[in-house]
Amino acid sequence: MVSDSGWTAAPRIRDLTEIHFGQSICQVEGQIVPVADVTLAGGDSIYFEHHTMLWRDESILVSTLPLTGTIKRVLAGMPFVVTAASGAGHIAFSRDATGELIVLPLHPGMEMDVREHAFLLASRSIQYSFVRIKGLANIFFGGEGMFMDRFVTAGQSGLLILHGYGNVFQRTLKAGESILLEPGGFLYKDASVKMDIEMQKLTTGLLGGAGVALARMTGPGRVGIQSMYHHHKSS
Amino acid sequence: MTTQQPTSAQSERCPWCGAEVAAAQTSCPGCGGTLTFKPRRDDSGWVELPPIKDMARLRVGDSTCQIEGEIVPVADFNLAEGDGVYFAHHTMLWRDTSVTVRTLSMKGALKRMFSGMPLVMTEALGPGHIAFSKDIAGEMIAIPLQRGQAVHVREHVFLAAMRQVAYDWMQSGVYYKTGDARSLDQHYPIGQFLDEFTAADQHGLLLLHAGGNAFVRELQPGEWLLVKPTAFLYKDPSVRMGMCMDNIAGMVGYRSILWLQLVGPGKIGVQSAYPPMEAERRLITYTSGRVCGAWEGQRFASPMAATSGRRDSRARQLLAASAAATIAPTPVRTPPYPRSPTDYRIGLEKLIAESLVDGELPPEAMERLAVVAAEHGLSAYDLRLLINHVKMKISGEGH
């Protein structure tokens, strides 16, 4: 469904819907805080932030994903360990708030930036890295933290699943088109979308008022937002 | 600017807000309610708000508002040239670059700042799109205000309103205090201030966001109801508010439960997801008082209640709880902590225990105790605390 302003509501995934990737299946269970229940085939693998794992079979092999620059991540408050799981067996994931699961099949050659801690799981065919958000204004007022997760598909397609708080909407910006966004509402974007922070001063005479930080997103590309945003200290 | 009305002869009225709608429409353009939804009153008189369908459009003058999403709904305004909407600045989710944003001047900013209310009310002017949402799962409540209609809203519930709706705020007058005479903390369970929205000359749209589900009911003149203070959402100006307190006797003492008393006539709204009131765990020594007292008078009649007025309601509640409980008088137990034999309070405690008749102090005994307490330099307040302490020990609930 598309709103008058061009936002497309993320498709509501019906309870117990099955999504196939590789030889494996991901079944989405529940609708308030949905669970991604993955049946991993032998040889298939996924990775995830370790604290999102809800349960797993004993047969699942768990290891860590080798990463570079982890010291920076620790200093920035990001998880030190990105964990990988290999089949065969069952493993399930969920997050800690009411919301929606966003299933993003990534085709070869795609690059996507995701708000930190918003990704639930990704198939191993997707390359994982993180980009440091540049500019003090972005870091301190943007509410995103210091890093964004970056997912890149090289030669193979893959499956990326995010969890958005509240409802999730997506809009495709044309080249040069801009919108101003509450930074806490940002969920994901194509790497081609440029993000800058703008400060807006709202004055109230003697008492000064408040400063509001807004993320200016400039196309081309897709932008995803969540309606139950993490509000940041804007002033 | 008025709400657009259909001109078709085949029109009907929204069962919720009464706006005239075309027969072919599925959602009311005034309040967004699903027209196929038939409001049903439950056995206790509450009516659940009609759900607003995803992507339902509300129309106010030349502008529209589309409600998007069902978990944490977004109000997406398409403002026409010259139309405006105001909001607390932290609720804005996104906006077009063509929308102009400015601040609204507000009286009493200093008081608002100290009470934690938004200091800045922001206004957005069209043309263009601007969207708002809050940070809790719940329902959007669209209140189409008719000319001359006003509504009082609990703070932090307001999402946005069209600029033809006038905004003001007032003291809620509902509070309680915890602690003793040396250190009293004042708490406002519904906030220190109430937002007041009035459609003075023109129709207008007011949007609220409720945590969880929202329910409303119409109170008849003089009819009253007790609701959890933090569940309160909004009310008609004709509805009066007060505070009542109840106590639950447990294994280790009493637990206070605060109630917001709402007295009709008028409409009230509540939300099903409400934050806890941590201060309830502490000793509540004062409340701002109830509006009418039939309930409290019956349940908490005691000699002290008649003389102490609204003050020290905690003491009155404890007395009343003792009076209401069917507790057989038992000997005073030895305090578990060491005391000096010369401590005058021991003697006073014994005197209180001996003076109790069926768990209550007769007026003449109370007068005698007051004299003795005064001789020892004990204030009336301290005496009441001591009486409560003794009663709790007798009932086996004290430490």
Side-chain angles (χ1 to χ4, degrees), chain A residues 1-10 12 31-34 97-100 143 164-169 171 176-186 198 200-218 223 225-235, chain B residues 53-57 63-79 88-99 101-110 112-114 118-124 128-138 140 209 211-212 273:
Chain A
M1 300 176 80
V2 183
S3 73
D4 296 344
S5 50
W7 290 97
T8 305
R12 296 305 301 267
Q31 292 181 318
I32 299 172
V33 182
T98 310
E100 291 187 292
Y165 289 169
N167 289 104
V168 175
F169 303 92
R171 179 167 161 175
E177 185 185 5
S178 288
I179 55 165
L180 293 165
L181 189 69
E182 154 64 41
F186 166 69
E198 288 189 4
Q200 180 162 10
K201 184 73 175 170
L202 300 169
T203 56
T204 53
L206 287 173
L207 292 167
V212 177
L214 296 172
R216 178 183 281 271
M217 316 297 283
T218 307
V223 175
I225 58 171
Q226 55 188 358
S227 63
M228 189 165 76
Y229 46 81
H230 281 289
H231 203 269
H232 56 89
K233 302 286 184 189
S234 57
S235 60
Chain B
K53 279 204 306 185
D54 200 8
M55 302 290 173
R57 284 186 193 82
S63 301
T64 57
C65 174
Q66 195 167 25
I67 310 296
E68 301 158 1
E70 292 173 329
I71 301 171
V72 181
V74 176
D76 182 350
F77 280 87
N78 184 9
L79 293 174
H89 69 277
H90 57 270
T91 62
M92 195 196 79
L93 183 62
W94 65 270
R95 70 174 167 88
D96 283 346
T97 50
S98 60
V99 171
V101 172
R102 66 185 186 189
T103 52
L104 283 177
S105 59
M106 293 179 66
K107 66 174 187 180
L110 198 60
R112 291 178 66 88
M113 184 173 72
F114 285 129
L119 192 58
V120 178
M121 195 66 87
T122 319
E123 186 179 38
H129 286 269
I130 185 166
F132 309 96
S133 68
K134 297 205 75 149
D135 53 359
I136 182 173
M140 188 83 70
H209 179 96

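Note on naming: letters A, B, ... go to the chains in the order of the sequence lines (proteins, then strands), and numbering restarts at 1 for each one.
Of the atoms belonging to B:Val101, heavy atoms from both backbone and side chain fall under 4.5 Å from chain A. Contacts of B:Asn78 with chain A are absent, with no heavy-atom separation under 4.5 Å from either backbone or side chain. Neither the backbone nor the side chain of A:Val168 comes within less than 4.5 Å of any heavy atom of chain B. For B:Met92, the parts lying under 4.5 angstrom from a heavy atom of chain A are both the backbone and the side chain. For B:Glu68, the parts sitting under 4.5 Å from any heavy atom of chain A are the backbone and the side chain alike.
In terms of heavy-atom pairs under 4.5 angstrom with chain B, the leader among A:Ala9, A:Ser3, A:Gly166 is A:Ser3. For the set B:Gly69, B:Ser98, B:Gly128, B:Ala131, the entry with the most heavy-atom pairs within less than 4.5 Å of chain A is B:Gly69.
Under the 4.0 Å criterion applied to side-chain N and carboxylate O atoms, B:Asp54 and A:Arg12 are not assigned as salt-bridge partners.
Closest of all the heavy-atom pairs between A:Gly99 and A:Pro34 is O-CD, 3.4 Å. Here the closest non-hydrogen pair linking B:His129 and A:Ser5 is ND1-CB, 3.2 Å.
Aromatic ring orientation, B:Phe77 versus B:Phe132: perpendicular (interplanar angle above 60°, classes split at 30° and 60°).
Counting only heavy atoms from C-beta outward, the side chains of A:Arg171 and A:Thr8 never approach each other to under 4.5 Å.
Listed by chain and residue number, A:Leu180, A:Arg216 satisfy the side chain to side chain contact (heavy atoms under 4.5 Å, CB included) test with A:Glu198 (two or more places apart in sequence, or in another chain).
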